[in-house]
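Just below is one structure, and these are the notes that go with it.
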Amino acid sequence: MQTSRSTQVAIVGAGPSGLLLGHVLGLAGIDTVVIERQSADHVAARIRAGVLEDATVSFLNEIGLGTRMQAEGLPHDGFSLIYEDTPPLRIDLKGLTGRSVMVYGQTEVTRDLMQARKASGAPTVYEASSVAIHDFESATPSVSYSLDGVSHQLHADFVIGCDGYHGVCRAAAKATGRLHEIERTYPFGWLGLLADVPPVSHELIYANHADGFYLCSMRSPTRSRYYLQCSLEDRVENWSDDRFWAELARRLGPDRASALSTGPSLEKSIAPLRSFVAEPLQFGRLFLAGDAGHIVPPTGAKGLNLAVADIRVLSEALITFYTKGSEDRLNGYSELALARIWKAERFSWWMTSLLHKFDGQTLFDRRIQAAEFNTLASSHALQTALAEAYLGIFD
Ligand code: RFL
Ligand code: PHB
């Protein structure tokens, strides 16, 4: 059996990019269908980003998604960097720029988006299999998928690839022969642990320890998120909770570790680090947004924020098309989004390079890292530049 229907904008992927685009277009009266290969429970349970730039916060507020974030999110006015045994360097975001970030988990943003979409009645197809996109370089693109053994064809004016790094949309764009994939991989990953214990510090700590990076983050005053640099060959099964806490305490050192509360993990996972950009982001009537178009290593806390920035530009361009009939802004999306993406890529690469231990690092490399840190510590101008990039002030 085969069914066929149409919508204005077909969105592949129900992560933050896809759901956010659906929400903004819905507010403008534009019909969307979101097609997702996982179940809603699976999407809602993924533990990822934790830090929102204030432009992201303002946008979520503007589009009516800020209520729970304002009540439960934690505004942070600064964070600390530590290099080996040197005293922590506090980056005073508020003092340097007048702005703050918000610690509010991607899980919560996704939950708010899912609820808003459900309340609006706009359709999301979960657990779709064999998702494929067709004819996107013509004026009549479509998406096909299977659900419960039934084949479906969805016709649309546009197809938006919000299906992440492993999705089908970028793969389809690649088949045109016009996609450039620009990539750097890093020879390590992050082992993350989530636990219902109070955070060791009320602000985030990013540290370069002689044995590897660590990050102390949080989701709430009673829920902590910690990361340790690990090798790419490492496996979560090698890391009992006890081993994780012992290694974190060792890297924190006795003074800081005395404030560390430990407890059973709610989640543990390893994420590889990668820098990646697809150019361009438009192929006729197919547009790539969020992780489908670019990946940053998480060190700069930029991935989700970049996804939101893409959607901001793309949604405005789609609304202009439907209200004024002009495709100019759609045709300008790729260039405009890529300008910001590359600035965030540079920052994320720089933070990653400063804060990690690299295999084969010579004493010279290590001393240069230390000098970079010390230069930052003594320069108000460099700290301001870092604060601006962390806040996503790129324009
Ligand atoms: P997602 O979240 O990957 O969602 C893509 C969705 O598409 C679905 N999909 C398909 N659907 C239909 N058909 C197919 N063939 C499909 N293939 C895939 C997937 O199931 C999924 O639901 O991409 P999106 O929406 O662009 O969102 C991007 C963000 O998730 C990502 O950039 C951030 O999580 C990155 N990130 C961070 N970003 C920040 O801004 N601040 C942070 O503090 C931060 N920390 C992090 C992070 C990412 C991490 N990991 C695990 C990669 C920390 C970590 C550890
Ligand atoms: C997190 O809380 O998961 C987090 C925070 C800051 C980062 C990356 C991840 O840079």
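Both counts, for ligands and for their atoms, begin at 1 and track the order of listing.
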Which of these passes side-chain contact (heavy atoms from CB on, under 4.5 Å) with I270: L228, L232, D234?
D234

We want to know whether T222 and D196 form a side-chain donor-acceptor pair, criterion being a heavy-atom distance below 3.5 angstrom.
no

Run the numbers for me: atoms of ligand 1, each under 4.0 Å from some heavy atom of C162, listed by number.
5 (C), 6 (C), 7 (O)

Counting only heavy atoms, tell me which of S17, P272, G13 gets closest to atom 26 (O) of ligand 1.
S17

Enumerate the atoms of ligand 1 whose separation from the nearest heavy atom of G303 is less than 4.0 angstrom.
32 (O), 35 (C), 38 (N), 39 (C), 40 (O)

Short N or O distance, G50 and ligand 1, threshold 3.5 Å exclusive:
yes

If you count the atoms of ligand 1 from 1 in the order shown, which ones are under 4.0 Å from a heavy atom of I35?
11 (N), 12 (C)

Would R243 and W239 count as a cation-pi pair here, with the cationic atom under 6.0 angstrom from the ring centre and within 45° of the axis?
yes

Under 4.0 Å from ligand 1, counting heavy atoms only, is it the side chain of W190, its backbone, both or neither?
neither

So that I can tick it off, tell me whether R90 and E203 are bridged by a salt bridge, with the cut-off set at under 4.0 angstrom between side-chain N and carboxylate O.
yes

Can you list every protein residue that has a heavy atom under 4.0 Å from any atom of ligand 2, sorted by chain and residue number?
R48, G50, V51, W190, L204, Y206, L215, S217, R219, R225, Y227, P298, T299, A301

May I ask you to identify the nearest protein heavy atom to atom 52 (C) of ligand 1, giving residue, atom name and distance to one decimal place in Å?
A271 CB, 4.4 Å

List the residues meeting side-chain contact (heavy atoms from CB on, under 4.5 Å) with T3, not counting sequence neighbours, and say none if there are none.
M1, V150, H152

Do the charged groups of R340 and D395 touch, with an N to O distance under 4.0 Å?
yes

Got a list of side-chain donor-acceptor pairs under 3.5 Å for residues 6-27, not counting sequence neighbours?
residue : atom : partner : partner atom : Å
T7      : OG1  : D31     : O            : 3.2
Q8      : OE1  : D31     : N            : 2.8
H23     : NE2  : I63     : O            : 2.9

Shortest non-hydrogen contact from L318 toward I30
O-CD1, 4.3 Å

Looking at ligand 1, would Y145 count as a contact under a 4.0 Å heavy-atom criterion?
no

Between V131 and ligand 1, which residue portion shows a heavy-atom distance shorter than 4.0 Å: side chain, backbone, both, or neither?
side chain

If the contact criterion is a heavy-atom separation under 4.0 Å, does P16 count as touching ligand 1?
yes

Using the rule that Ile, Leu, Val, Met, Phe, Trp and Tyr join whenever any side-chain heavy atoms are under 4.5 Å apart, tell me whether L52 and L215 fall into a single cluster.
no

Is the side chain of S379 donor-acceptor paired with the backbone N or O of L376 at a distance under 3.5 Å, no angle test?
no

Considering Q38, H166, E53, R48 one by one, which has a heavy atom nearer to atom 3 (O) of ligand 1 than any of the others?
R48

Using a 4.0 Å heavy-atom cut-off, which part of V12 comes near ligand 1: side chain, backbone, both, or neither?
side chain

Is L306 close to H294 at the side-chain level, that is, under 4.5 Å between some pair of heavy atoms?
yes

Counting heavy atoms only, name the option from E36, E127, R37 that's nearest to atom 19 (C) of ligand 1.
E36

Enumerate the atoms of ligand 1 whose separation from the nearest heavy atom of N305 is less than 4.0 angstrom.
40 (O)

Counting only heavy atoms closer than 4.0 Å, does ligand 1 sit against the backbone of A49, its side chain, both, or neither?
both

Check for me whether A128 has a heavy atom closer than 4.0 Å to any atom of ligand 1.
no

Considering the heavy atoms of P298, write down every atom of ligand 1 situated less than 4.0 Å from one of them.
47 (C), 53 (C)

Validation row, ring centre F158 to ring centre F321 under 6.0 Å:
yes

With atoms numbered from 1 as shown, which atoms in ligand 1 lie under 4.0 angstrom from a non-hydrogen atom of G15?
4 (O), 6 (C), 22 (O), 25 (O)

Please find out if less than 6.0 Å separates the ring center of F188 from that of F213.
no

Keeping R170 on the side-chain end and L288 on the backbone end, is there a donor-acceptor pair under 3.5 Å?
no

What atoms of ligand 1 come within less than 4.0 Å of a heavy atom belonging to G290?
26 (O)

The residue among R46, R68, R48 that forms salt bridge (charged side-chain N to carboxylate O under 4.0 Å, His left out) with E108 is R68

Measure centre to centre between the rings of Y214 and Y206, then say whether the value is under 6.0 Å.
no

Nearest non-hydrogen atom to atom 18 (C) of ligand 1 belongs to which of D163, D291, V308, L52?
D163

Would you mind checking which non-hydrogen protein atom is closest to atom 15 (N) of ligand 1, with the distance to 0.1 Å?
V168 CG1, 3.5 Å

Ligand 1 and L304, any nitrogen or oxygen pair closer than 3.5 angstrom?
yes

What side-chain donor-acceptor pairs closer than 3.5 Å can you find for residues 273-287, not counting sequence neighbours?
residue : atom : partner : partner atom : Å
R274    : NE   : Y165    : OH           : 3.3
R274    : NE   : E183    : OE2          : 2.9
S275    : OG   : Y186    : OH           : 2.6
E279    : OE2  : W342    : NE1          : 2.8
Q282    : NE2  : G284    : O            : 3.0
Q282    : NE2  : N331    : OD1          : 3.1
R285    : NH1  : D157    : O            : 3.1
R285    : NH2  : E327    : OE2          : 3.2

Any atoms of ligand 1 less than 4.0 Å from a non-hydrogen atom of Q106? List them with their elements.
2 (O), 29 (C), 30 (O), 33 (C), 34 (O)

Given that the side chain starts at C-beta and the backbone is N, CA, C, O, which of these parts of R46 lies under 4.0 Å from ligand 1, counting heavy atoms, or is it both or neither?
side chain

Ion pair present between E316 and R329, side-chain N to carboxylate O less than 4.0 angstrom?
yes

